[in-house]
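Convention: sequence-line order gives letters A, B, ...; per-chain numbering from 1. Note that the coordinates shown come from a computational prediction; the quantities given were computed from them, not determined experimentally.
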Number of protein chains: 2
Amino acid sequence: MAPLRSARLKTPPPPAPDFRDRILTGHCVAQMEALPAKSVDVVFADPPYNLQLAGDLHRPDQSRVDAVDDAWDQFESFQAYDAFTRAWLLAARRVLKPNGTIWVIGSYHNIFRVGAILQDIGYWILNDIVWRKSNPMPNFRGRRFQNAHETLIWASRDQDAKGYTFNYDSLKAANDDVQMRSDWLFPICTGGERLKDDGGQKLHPTQKPEALLARLLLASTKPGDVVLDPFFGTGTTGAVARRLGRHFVGIERDAAYVEAAEKRIAAVEPLAGESLEIVAGKRAEPRIPFATLLEAGLIEPGTQLTDAGRRHVAHVRADGTVSVAGEAASIHRVGARVQGLSACNGWTFWHVEAEGELKPIDELRRLVRERMALRHVGG
Amino acid sequence: MAPLRSARLKTPPPPAPDFRDRILTGHCVAQMEALPAKSVDVVFADPPYNLQLAGDLHRPDQSRVDAVDDAWDQFESFQAYDAFTRAWLLAARRVLKPNGTIWVIGSYHNIFRVGAILQDIGYWILNDIVWRKSNPMPNFRGRRFQNAHETLIWASRDQDAKGYTFNYDSLKAANDDVQMRSDWLFPICTGGERLKDDGGQKLHPTQKPEALLARLLLASTKPGDVVLDPFFGTGTTGAVARRLGRHFVGIERDAAYVEAAEKRIAAVEPLAGESLEIVAGKRAEPRIPFATLLEAGLIEPGTQLTDAGRRHVAHVRADGTVSVAGEAASIHRVGARVQGLSACNGWTFWHVEAEGELKPIDELRRLVRERMALRHVGG
DNA sequence: TGAGAAATTGAATCGCATA
DNA sequence: TTATGCGATTCAATTTCTC
């Protein structure tokens, strides 16, 4: 087929200048309109949230909270915010390949408007994803629930687009052989990962954690894919894309952010092809032996494990096995046996009693993983 | 004051028929419009979101949307859903007390539209809450993330309504003394809690767990409050409200659901009053002027007050003010000034010397409160 | 140099009663 | 209705300070 189509052209088309792995300085809508249509595989967007903050907020120790009061987050009305949102979402849709998908992150201030407009202009929502923050800012006045999460929407370009990329098997393998859920737990971006200016102040008010970007890129792109970020900021998307062997296109208005992003991305060491395979596969999250929970002191030998319905009881042994009626085996095997099944995910089946509530031992494993991730960043 | 107002009325108003603890059969908008304005404390709504139900949707004026056939396109469906949503949210807002709040639960299919319309018609979002399902249904096709959560929006009737009920201290105490987060973990409604028909099939497709309703009612209502549920279904809201000593108003079209709900609620044993008591925080304590400590003889004019680090010294004056360097003001103002802050809690900042030890004057305030309580009990 | 204490900080739509 | 002033309110993690 391809030769036939080429034959129609009198001269071959000039090679398009490669727009990949660059940061375009300017307004996101104008810059996206200058890009070729149907040219990117995934869009990740972290748009302004349109926070509407009244006055200053102080912590109980009277220190002032450094709020996001930047001019780019100020809109006159919901209507103005909607018009802006519609414009950039339309521009992004033109640039997306037919099987492309889009990610947008936001909070309750803006995400409902974003989601409704996505639906209005033809995107088809595949999932909403909750980023649960392990260390969110508290609610200082005690007037609401602690705002401990943000929301991401993942959508395909069209309702009938079935060929979008979703690396189901590698996600499942990375998640101890259970499907990846729609709620993800990550710490906010702090410490060494957080970019600072010369004065040691945060360079960008809303820098996102690389782990979040890595999860969503590993889920929805293949190596070599192109990821467009129209609100590039200090380039988290570009840094993670480069590390994971994906191409990026960044759009950013603020020259200081562009400069910081370029420096940051240049310092990223791309993973070798083979480790990319591994990252995409089973080792995206480390496998945690049950014994690690004992080693970490999160569970004691002799502890009773029960299922959610308290129908079965097992005892934890010091060697990392569990026993029922004198017979000991792994949490998975014992879980399967008491249920008369051939297999069982012991991590979600078994629970421990903590403060009157049963909680799955999977929560303890998550704690271990968080600690490991933090240690890794720190080292 | 009350006699004056009564005097204006020629005759006492006829006793309004009590609409509480009843299930009204009919369309939610029409039934809400028949309720008195500003009469309920909280609305909980679990609206339909399946766009297949579009044929049952009604316009704000109650006319039936002309759903021709399955040839509806997406745009028309969203429009119809939006009109329906706007209609019932407006009707609910009229019925809410000025300090009332509303809860709406939904999934990514509808929650973004609900949230945007809430904002459009004047509600003010307080939190979005994620219900993390501990046992969600798996994704069978392997083409998306496991949809493991639903979203609730909690909103006040108006932006400037500050007097809504939020039992912060109660929630914090129940949560191991850390403030309650915006992500809640509950199992889906199964087992004995799930209502079944004669054939053993689930009676309602989306019955919500009572634990979820209990959490949100305990957070946002007081005993005796009225909770309106315009999509009552099989009456989870009513059952939990009755158990927790709250009143309910249910609206439901389906007679079979109404019958099941009535039976269910009648079987609920309300908790005794004492187990319903809400943990009261310091805000609920009676206010004690500093001068009361002098009147009670617990502190003498001329006494030296210092902060915990003995960096600052103030002198108590007979009128209940304190002075530093000749300038007198309240314990709070002076505490703020010596620290160079805009605010300060003088009760915890200032200390008195007693038996060689510094103790905060807040302890003296506690003594006064105890005496008041005793006197109250004695009299 | 090390251990422990103290300070800092993060997308935040963050009072309420009385006069 | 508006202005005033009391006095209540934070979690996790990192970084800096102190002994």
Original post:
Which nucleotide, in any strand shown, forms a Watson-Crick or G-U wobble pair with C:dA12, with both distances under 3.5 Å?
Top reply: none
**OP:** Name the nucleic acid region contacted by B:C344, choosing base, sugar-phosphate or nothing; use a 4.0 angstrom heavy-atom cut-off, strictly under.
**Re:** base
**OP:** Classify the nucleic acid contact of A:G55 as base, sugar-phosphate or nothing, counting any heavy atom under 4.0 Å across all strands shown.
**Re:** base
Subject >> Atom-to-atom span, NE2 of A:H58 to P of C:dG15 - whole angstrom >> reply: 12 Å
Original post:
So what does A:S107 touch, heavy atoms closer than 4.0 Å: a base, only the sugar-phosphate, or nothing?
Top reply: nothing
Subject >> C1' gap between D:dC6 and C:dA11, integer Å >> reply: 31 Å
Subject >> Polar contact flag, side-chain donor to acceptor under 3.5 angstrom, A:H109-A:S107 >> reply: yes
Subject >> Donor/acceptor link under 3.5 angstrom from A:R59 side chain onto base of C:dG10 >> reply: yes
Original post:
Checking only heavy atoms, does the side chain of B:Q179 share a donor-acceptor pair with the base of D:dT9 at less than 3.5 Å?
Top reply: no
Subject >> P gap between D:dA12 and C:dC14, integer Å >> reply: 22 Å
Original post:
Does D:dT10 have OP1 or OP2 sitting under 4.0 Å from an N or O in the side chain of B:Y168?
Top reply: yes
Original post:
Would you find a donor on one side and an acceptor on the other, under 3.5 Å apart, between the side chain of B:D41 and the backbone of B:G100?
Top reply: no
Original post:
When all nucleic acid strands are considered with a 4.0 Å heavy-atom cut-off, which category describes A:P47: base, sugar-phosphate, or nothing?
Top reply: base
**OP:** Quickly work out the A:D66 CG to C:dG10 C1' distance and round it to whole Å.
**Re:** 9 Å
Original post:
Per the atom types in the model, does the base of C:dA11 pair as donor or acceptor with the side chain of A:K133 at under 3.5 Å?
Top reply: no
Original post:
According to a strict under-4.0 Å criterion, is B:S330 in side-chain N/O contact with OP1 or OP2 of D:dC6?
Top reply: yes
**OP:** Map A:R143 and A:S63 onto DNA chain C by nearest heavy atom, then report which one ends up closer to the 5' terminus.
**Re:** A:S63
**OP:** Tell me what A:N139 touches on the nucleic acid: a base, only sugar-phosphate, or nothing, going by heavy atoms under 4.0 Å.
**Re:** base
Original post:
Just how far, in rounded Å, is C1' of D:dT9 from CG of A:D56?
Top reply: 16 Å
Original post:
Taking the side chain of A:L53 as its heavy atoms from C-beta onward, which of D:dC11, D:dA8, C:dA12 lies nearest to it?
Top reply: C:dA12
**OP:** Would you please confirm or rule out a distance under 4.0 Å between OP1 or OP2 of D:dC6 and any side-chain N or O of B:H332?
**Re:** no
Original post:
Which residue, B:T348 or B:R333, contacts DNA chain D at a nucleotide closer to its 5' end, judged by nearest heavy atom?
Top reply: B:R333
Original post:
Honestly, is B:R113 close enough over A:F112, meaning NZ or CZ under 6.0 Å from the six-membered ring centre and within 45° of the axis?
Top reply: no
Original post:
Taking the six-membered ring where the residue is Trp, are the ring centres of A:H204 and A:Y257 under 6.0 Å apart?
Top reply: yes
Original post:
Under 4.0 Å between a side-chain N or O of A:R194 and OP1 or OP2 of C:dA11?
Top reply: yes
Original post:
With both distances kept under 3.5 Å, what pairs with C:dA17, Watson-Crick or G-U wobble?
Top reply: D:dT4
Original post:
What does B:V178 touch in the nucleic acid at a heavy-atom separation under 4.0 angstrom: a base, only the sugar-phosphate, or nothing?
Top reply: sugar-phosphate
Original post:
Given atom CG of A:L212 and atom P of C:dA11, what is their separation to the nearest angstrom?
Top reply: 12 Å
**OP:** Classify the nucleic acid contact of A:I111 as base, sugar-phosphate or nothing, counting any heavy atom under 4.0 Å across all strands shown.
**Re:** nothing
Original post:
Base, sugar-phosphate alone, or nothing: which one does A:D46 contact when heavy atoms must sit under 4.0 Å apart?
Top reply: base
Subject >> Sugar-phosphate only, base, or nothing, as touched by B:R365 at under 4.0 Å among non-hydrogen atoms >> reply: sugar-phosphate
Original post:
At under 4.0 Å between heavy atoms, what does A:Q207 touch on the DNA or RNA strands: base, sugar-phosphate, or nothing?
Top reply: nothing
**OP:** Give the nucleotide from the list D:dT9, C:dA12, C:dA17 with an atom nearest to the side chain of A:R141.
**Re:** D:dT9
Subject >> Rounded distance in Å - CD (A:Q201) to P (C:dT9) >> reply: 6 Å
Original post:
Quick one: are the ring centres of B:W154 and B:Y164 less than 6.0 Å apart?
Top reply: yes
Original post:
Just how far, in rounded Å, is P of D:dC6 from CZ of B:R337?
Top reply: 12 Å
Subject >> A:F231 ring center near A:F44 ring center (under 6.0 Å) >> reply: no
Subject >> Shortest side-chain distance from A:D61, nucleotide among C:dA11, C:dG15, C:dT8 >> reply: C:dT8
**OP:** Tell me yes or no: between the side chains of B:D183 and B:H149, is some donor less than 3.5 Å from an acceptor?
**Re:** no
Original post:
Which one is paired to D:dT9, where only Watson-Crick or G-U wobble pairs with both distances under 3.5 angstrom count?
Top reply: none
Subject >> Phosphate-side-chain proximity, B:N345 and D:dA8, N/O vs OP1/OP2 below 4.0 Å >> reply: yes
**OP:** Would you mind classifying the nucleic acid contact of B:K172 as base, sugar-phosphate or nothing, using non-hydrogen atoms under 4.0 angstrom?
**Re:** sugar-phosphate
**OP:** For B:P289, report the nucleic acid contact type (base, sugar-phosphate, nothing); a contact means any heavy atom under 4.0 Å.
**Re:** nothing
**OP:** Just compare C:dA12, D:dC11, D:dA8 and give me whichever is closest to any side-chain atom of A:Q62.
**Re:** D:dA8
Original post:
Under 4.0 angstrom, heavy atoms only, what part of the nucleic acid is B:I331 near: base, sugar-phosphate, or nothing?
Top reply: nothing
**OP:** Rounded to whole angstrom, note down the C1' distance from C:dC16 over to D:dT1.
**Re:** 16 Å
**OP:** Establish, yes or no, whether the cationic atom of B:R132 lies under 6.0 Å from the six-membered ring centre of B:W184 and within 45° of the ring axis.
**Re:** no
Original post:
In whole angstrom, what separates B:R366's CZ from D:dA8's C1'?
Top reply: 17 Å
Original post:
Counting any heavy atom closer than 4.0 Å, what does A:W72 reach on the DNA or RNA strands: base, sugar-phosphate only, or nothing?
Top reply: base
Original post:
Side chain of A:Y49: nearest nucleotide among C:dA11, C:dA17, C:dA12?
Top reply: C:dA11
Original post:
Does a salt bridge link A:D61 with A:R59, judged by any charged N lying under 4.0 Å from a carboxylate O?
Top reply: no
**OP:** Kindly point out which of C:dA12, D:dT14, D:dT9 is positioned nearest to the side chain of B:K282?
**Re:** D:dT9
Subject >> Rounded distance in Å - CG (A:L203) to P (C:dG10) >> reply: 12 Å
